[in-house]
Amino acid sequence: MTDRSTRYAFLPGAPNYPTIVGGDGCFLHAAAGRRILDGAGGAIVGNIGWGRQEVADAISAAAQGAAYSIPLWPTPHRLELHDRLVDRWLPDGFGHVFFTSGGSESTDSSLRLARAYQVAKGRPDRWKVIGRHPSYHGMTLGTIAVASHSARQKGFEPLLLPFPKVPWDDPEAVVRIVEQEDPNTIAGFIAEPITGAAGACLTASDDYWQVVTEVCRRHDILLMVDEVMTGYGRTGLTFGHQHFPIEPDVLIGGKGLGGGYVPIGAVAARNEVAEALRNSGFMYFTFSGNDIACAGAVAVLDILERESLVQRVAQIGPVLEHRLRAELDEHPVVSDIRGRGLFYGIELRCDRDAVVSAALARDLWIYPAGSGPVPNAVMIAPPFIIDTDEIDQLVRTLRATLDAFTSA
Ligand code: PLP
């Protein structure tokens, strides 16, 4: 009789990960009292840290006497979350939000949104959304197709639409591809402001973003920023694109909005874009704006606001960067350290999965990353509440982990 945990998750032979039974602050609790320092907020989700009773209470209160109502009907928590985002979180001019159950549904919806916008504008030939190489936007067929992450695409190629791709950092290539493909066939451009899982915090120049913004404006190509990882404070500003000269038309979020407590995502559009879609019948998902998830997200935003956690990321982020650089800049298996806020990528000269496993054996969780030009990397993205002692513990453990790879 095999242990239950070896039958999970779906694939036989999957690594035997620890069973997580709870958490507090920056620590995950595994069976038998084991405490694991969460250096990546789970999947770069856990921005407010773990074990927040207030969020549990909000979810529980919303679940008392709950009823399902279709997403077109308002509910108190849907309205509260929508208005909170518009009033306090989204950039000016973003007055409309479409809720989903996570990042992939959000990015996939943005592909539909770009197409619906162009059709509503009387441009039925526009369907292509330009993606970047490397990038990751989720695991629906649409998002796999528009992204460039070789391991996630492998084997699915016949199912994927041939969306055009450009390198992540080359402004000339953006100008060129729009001309080559014909702007009258292009609906949108989708980009992570700082590339997450596929690139481990690759960051393009201001010039690059200026050109992207100008080209999109010139041709009325919707500029859609995927803030699923970078949004809701992760980089030290409310949204990652705010570090750069980017003027988005569509802002895509997930992960940190629910803080890992509830599955929720949100796609916000500039008012002119939403206005154009007014009669398009933009279809929702059954669980778009699930009332309990909205209540949980409001509680997460309450905590971020009350504890000034986005500002805290801006303050403590440089402490993490300084410690990482002091310990690892010259390390023989480290080829680059990059990022900002509490969002760091460490590019490696050794196998990332082996590093992630070795770190976990030392009770530190870090996130595997990289694709294409970034074959091996890990990401460090702890909860926003991490303190300097925990940063020390994280960096010391990471250093010891990597030291063991120097002679390998
Ligand atoms: N977009 C980005 C930038 C992501 O990093 C991810 C997930 O890692 C997604 C989209 C997909 O989100 P989810 O896994 O919640 O569906």
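Ligands are counted one by one from 1 in listed order, and the atoms in each one are counted from 1 as well. Here the structure is a predicted model, which is why all the values come from computation and not from measurement.
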Got a list of side-chain donor-acceptor pairs under 3.5 Å for residues 396-404, not counting sequence neighbours?
| from | atom 1 | to | atom 2 | distance (Å) |
| --- | --- | --- | --- | --- |
| T397 | OG1 | Q393 | O | 2.6 |
| R399 | NE | D403 | OD1 | 3.1 |
| R399 | NE | D403 | OD2 | 3.4 |
| R399 | NH1 | E327 | O | 2.8 |
| R399 | NH1 | E327 | OE1 | 3.3 |
| T401 | OG1 | T397 | O | 2.7 |
| D403 | OD1 | H331 | NE2 | 2.8 |

Tell me which donor-acceptor pairs under 3.5 Å the side chains of residues 20-29 have, and how far apart each pair is, sequence neighbours excluded?
| from | atom 1 | to | atom 2 | distance (Å) |
| --- | --- | --- | --- | --- |
| D24 | OD1 | H29 | NE2 | 2.5 |
| D24 | OD1 | R35 | NH1 | 3.0 |
| H29 | NE2 | R35 | NH1 | 3.4 |

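- For R152 and S371, the side-chain atoms include no donor-acceptor pair closer than 3.5 Å.
- Residue pairs meeting the ring-ring contact (aromatic ring centres under 6.0 Å, His included) criterion with at least one partner in residues 259-314, sequence neighbours excluded, are W50-Y261, F98-F282.
- A heavy-atom cutoff of 4.0 Å around ligand 1 is satisfied by the protein residues G103, S104, Y136, H137, G138, E192, D226, V228, M229, K255.
- A salt bridge is defined here as a Lys NZ or Arg NE, NH1 or NH2 lying under 4.0 Å from an Asp or Glu carboxylate O, and R338 with E347 meets this definition.
- Taking the six-membered ring where the residue is Trp, H241 and F239 present parallel rings, their angle staying beneath 30° rather than reaching 60°.
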